[in-house]
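The analysis underlying the following values was restricted to heavy atoms, covering all of them including side chains, and did not include hydrogens, waters or symmetry mates. Letters A, B, ... mirror the listed sequences (proteins, then strands); counts begin at 1.
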Amino acid sequence: MREAMARFVRDGMSVVMEGFTHLIPFAAGHELIRQRRRNLTLIRLTPDLLFDQMIAAGCARKLVFSWAGNPGVGSLHAFRRAVEQARPQPLELEEYSHFGLALRLQAGAAYLPFLPTRNFAGSDLPRANPNLKPVVCPYTGQQLWAVPALEPDVAILHAQRADQEGNTQAWGLTGVLKEAAFAARRVVVVVEEIVSGELIRRDPNRTLLPGFKVDAVVEESFGAHPSYVQGYYDRDNDFYQRWEEISRREESLQAYLATWVFGVSGRQEYRERLGETVRRLRAASLPCEPVNYGY
Amino acid sequence: MREAMARFVRDGMSVVMEGFTHLIPFAAGHELIRQRRRNLTLIRLTPDLLFDQMIAAGCARKLVFSWAGNPGVGSLHAFRRAVEQARPQPLELEEYSHFGLALRLQAGAAYLPFLPTRNFAGSDLPRANPNLKPVVCPYTGQQLWAVPALEPDVAILHAQRADQEGNTQAWGLTGVLKEAAFAARRVVVVVEEIVSGELIRRDPNRTLLPGFKVDAVVEESFGAHPSYVQGYYDRDNDFYQRWEEISRREESLQAYLATWVFGVSGRQEYRERLGETVRRLRAASLPCEPVNYGY
Amino acid sequence: MSGEFTAREIMVTAAARMLRDGEVVLVGIGIPNLAVNLALRTRCPNLMLIYESGAVGARPARLPLSIGDPALVAGAAGVCSMPDVFQYYLQRGWIDVGFLGGAQIDRFGNLNTTVIGDYAKPRIRLPGSGGACEIAVLARKVIVVMPHRRRAFPERVDFITSPGFLGGGRERAELSLAGGGPEAVLTDLGVLGFDPETKEMLLVSLHPGATVDEVRVQTGWELRLASPLGRTEPPSAEELRVLREELALSPAPA
Amino acid sequence: MSGEFTAREIMVTAAARMLRDGEVVLVGIGIPNLAVNLALRTRCPNLMLIYESGAVGARPARLPLSIGDPALVAGAAGVCSMPDVFQYYLQRGWIDVGFLGGAQIDRFGNLNTTVIGDYAKPRIRLPGSGGACEIAVLARKVIVVMPHRRRAFPERVDFITSPGFLGGGRERAELSLAGGGPEAVLTDLGVLGFDPETKEMLLVSLHPGATVDEVRVQTGWELRLASPLGRTEPPSAEELRVLREELALSPAPA
């Protein structure tokens, strides 16, 4: 993880870290905080606790996003301090709706300079964000809105498993993982397990990303905590609720970072420190039935 | 099958029947021939033997397509007789490339009046088809080509399995099945097996179409022969090669239809008549490993 | 609040009653999620629940804290990508009902979840749109659920995150928005609808115990009343049982 | 044809040699499929095979008759939809090499697979583009494989299904086509390339046994020769063994 982050993420880059509720690459984010990356343009539909922590740690210059809250709990306080009070530093915002930002990644993934949508009419979002522009349909003459392609320097994504060649499989919610990967110049995938190519090839429809699109695979068990990995561990809803308290004051947030990010050498130590929580969150067994690929 | 085709497909309708090499809905096509449907606008990327038969049977007024051949073998002779000699009747053509026609279905599925592409520059296809129009990117000013949305009256699709609610699962090649289903006003799915909702819900990532998008499910084992169904039966490559001989002369093609389409009451009789072939094509066992959905 | 149920309980119940069986519903977290699950377990067993996270036909075994909860995936009829949810489901017109809430709603049903104050220098920075803008533009109808407080019901919202009827009258229709706009607003005080012509919000029904005066005090413009003004049926014993036992709604005030 | 191998065998072998290990190749059926599988089993074990049907990283256990053969799926590294193949793989620039053939190719590498004669009233109706147009426009480079016959090598094709260098010179560049265009044409007589300035087709190398006269007779314009003109290395024993045994290529003439 240390080498992958150092190699692929430099100060000033634009970095998309996706995973909608599911598969959020926390281990990678913590490593970027430890490496004291600066001036990053951070891209995520839902900044979530991951970006709240990275903003508090001073990694971010700009945020490209569509919903900045603690899901089901409340505000992201570090985000709000940065926006409302420019603490610890100002944060430039570029704001969409989920559909709009997902579509920007889709345009980037398809190497199209823009994509159209029926969304946004009547909303003030186009006034807040000049990147949303009108486009006229060449068939009907009607006005739609367009979003421009987004092509981040790096995508950092979490998944259940990959093989040595980088063929990556994910199940459960996949959000915009595929679009983020194809839109980005470089792709780092963090997985719970590196598995044999044989296992991957026994179920090719589960493959989300082909190996040639993946620049590095990092094996990091429990790497998405406090978010979750379907089939591996549950979401740590308690921690999401505790974050409200931790993040409300800058001091307690910095204390959290000192202990849980700067105070560990990596995810393994983090996991050991979590102790009983790891066992509590372990997934139950709910296997699917195999299907036949024979012919 | 008889009721579903009679209920959803009327003379003059536009009908998309998809499945790229895999999952071609032959049983449904044969039923439409038996019901002597007329003036249909038939839509498929690869018309294949299915539409060659429907054209020969006089079902089609117009063909919307992108590659009209017998894959790996040669020409579609009924198609060529219709185009070159207007026999048995003229056939109007609306022609794209695979990308272009796939994109038309994607636009229809997304309820967008158009979608842009970097394709077509330099090709004569836009001259042959005025539906391809230039569109200018509102960000870069560059000229791209656009395709208009395609919204067929009915989609007829084959898949491995569905439950009673219409939740449909398919694996192996899925081509443009999803786009065709979402683009069409009505959707009929033919499956090898109707299975329990329980089985479907144990592996939700395999679901290609949600039940609310499916208007009817027809169980028809061996319904895609001579094409194939991954995990159920192999492609009948011998028949694809024999079709060259059968279809080369109008008389032998009509004799084929008399025996194998009009001469059977439905797919079960067709299958019985195939006899040994059914056994020969039966799929070997090549199961995937189950994955865990627990949390 | 009446003695036997909380303001939150009647708000959820009133919202649940807006649904018809068989509808395809795009569900948010919090009160909308409670309302949909209440309807599913009472009058609408065939409701199709879709979450913007991509869970389709979800049958959660526990009440999800987030719209991406793993319990929404296990046992779902399907899972799809977010581009598919927004394009093939929502934009295509397959979502019958979208639920929304917000920090502010105005006289014409426009919703604000972006900022209080000026956009460039906000007094309070809210989470933003998420999927709300597209739900408001594209869902066939929108049901809004939010507590009735004067600061949340201004005459004009500070920022239109999610368009309702904009300036009222035919303004929404003239912009050709694909969806029908807000159908009802369920608060802890009553049920509100919209005038079919002017598209102005109207008080349609008062919850048990609430008064017109109370509603007017909590509304930032001169709220018109439907005639006749209805009375909301209180939550039934069964509705309360489902809410409290199956959905584990704590009886704290909204 | 030399005594020890067929015209078809040297055409396939010459095509296979155009590939470099590790390239991502969009594979068609027939000769391209043979060429790619020959390369995979000899010099390029890490070639990534993608079929427009959606099979990614295929390792077919038998030679497929169609690009949608089930043997391309079983054991593949992945499967994706056709919109993904065309948009995320091909249009995005991830396809290093696309293979094409056709009924006609002209002086500037334009290909015709649509009609012989007039489009509206064709003398021969061909299958059409399939994925050929987008491969010609968008793949980083294109390799063309087709038998060398005068009727197939006219000065101008009847219909440009798949653009090569159009009228030559900078015409392709000025239209901003994303892909690089044809790099080589492999026939049963020789290897042809394109002049870097004029973009006109050149004979680069003659296959064993073929003569310049023979090539000129089979070409519909005054074909220019590269200088010096090369001689194609004949298929090695190993290449022939793989073709005949592993790929079951029957030694019939092309």
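Atom CG of A/D124 and atom OG of C/S129 lie 12.0 Å apart (nearest 0.5 Å). One distance of note links OG1 of C/T114 with CH2 of A/W67; it measures 12.5 Å at 0.5 Å rounding. Within the model, atoms CZ of C/R92 and CZ of A/R118 stand 9.0 Å from one another, a figure rounded to the nearest 0.5 Å. Atom CG of A/N119 sits about 10.0 Å away from atom CD1 of C/I135, to the nearest 0.5 Å. With values rounded to the nearest 0.5 angstrom, A/Q230 atom CD is found 9.0 Å from C/D69 atom CG.
Of the atoms belonging to A/L286, it is side-chain heavy atoms, and not backbone ones, that fall under 4.5 Å from chain C. Residue C/L177 touches chain A through its side chain alone, counting heavy-atom pairs closer than 4.5 Å. Looking at A/L103, only its side chain comes within 4.5 Å of chain C, counting heavy atoms on both sides. In this structure, chain A has heavy atoms under 4.5 Å from both the backbone and the side chain of C/I124. In this structure, chain C has no heavy atom under 4.5 Å from any part of A/L177. Looking at C/Y119, only its side chain comes within 4.5 Å of chain A, counting heavy atoms on both sides. Interface remark: A/F79 contributes side-chain atoms only to the contact with chain C (heavy atom separation under 4.5 Å). Neither the backbone nor the side chain of C/R172 comes within contact range of chain A; no heavy atom of the residue lies under 4.5 Å from a heavy atom of that chain. Residue A/S75: no heavy atom, backbone or side chain, is found under 4.5 Å from chain C.
Taking chain C as the reference chain and counting heavy-atom pairs below 4.5 Å, the highest number among A/G74, A/P47, A/S97 is found for A/S97. Ranked by non-hydrogen atom pairs under 4.5 Å with chain A, the options C/P83, C/A76, C/S81 are led by C/P83. Put simply, of C/E171, C/M82, C/Q87, C/R123, the one with the most heavy-atom pairs under 4.5 Å next to chain A is C/M82. When C/I160, C/V73, C/D84, C/L90 are compared by the number of non-hydrogen pairs under 4.5 Å with chain A, C/I160 comes out ahead. Your options are C/S66, C/A55, C/G117, and the one with the most heavy-atom pairs under 4.5 Å with chain A is C/S66. When C/S53, C/A74, C/P70, C/G54 are compared by the number of non-hydrogen pairs under 4.5 Å with chain A, C/P70 comes out ahead. The most heavy-atom pairs under 4.5 Å with chain C, out of A/G175, A/A102, A/C288, come from A/G175. Of the listed residues C/P122, C/G130, C/P163, C/G128, the one with more heavy-atom pairs under 4.5 angstrom with chain A than any other is C/G130.
Taking the six-membered ring for Trp and thresholds of 30 and 60 degrees, A/F99 and C/F86 have nearly parallel ring planes, at less than 30 degrees apart.
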Step by step, work out the side-chain contact (heavy atoms from CB on, under 4.5 Å) result for A/F20 and C/I67.
CA-CA 9 Å; A/F20 194 83; C/I67 56 170; 3.7 Å; yes
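The interface of residues 235-247 of chain A with chain C, defined by heavy-atom distances below 4.5 Å, comprises A/R235, A/N237, A/Q241.
A 4.5 Å side-chain heavy-atom check between A/H98 and C/V85 finds every atom pair outside the cut-off. No side-chain heavy atom of C/L65 sits less than 4.5 Å from a side-chain heavy atom of A/P71.
A donor-acceptor pair is defined here as one N or O able to donate and one able to accept, closer than 3.5 Å; such a pair exists between the side chain of A/S123 and the backbone of C/T161. Remark: the backbone N or O of A/T117 is not paired with any side-chain donor or acceptor of C/Q91 at under 3.5 angstrom.
Counting non-hydrogen atoms of neighbouring residues, nucleotides and ligands closer than 6.0 angstrom, the CD atom of C/E197 reaches no more than 12 such neighbours. Environment of CZ in C/F194: crowded, with over 12 heavy atoms of neighbouring residues, nucleotides or ligands closer than 6.0 Å.
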Would you tabulate the side-chain donor-acceptor contacts of residues 26-35 of chain C under 3.5 Å, counting partners in other chains and residues two or more places apart, or write 'none'?
unit_1: C/N33; atom_1: OD1; unit_2: C/N37; atom_2: ND2; d: 3.4
unit_1: C/N33; atom_1: OD1; unit_2: C/Y51; atom_2: OH; d: 2.8

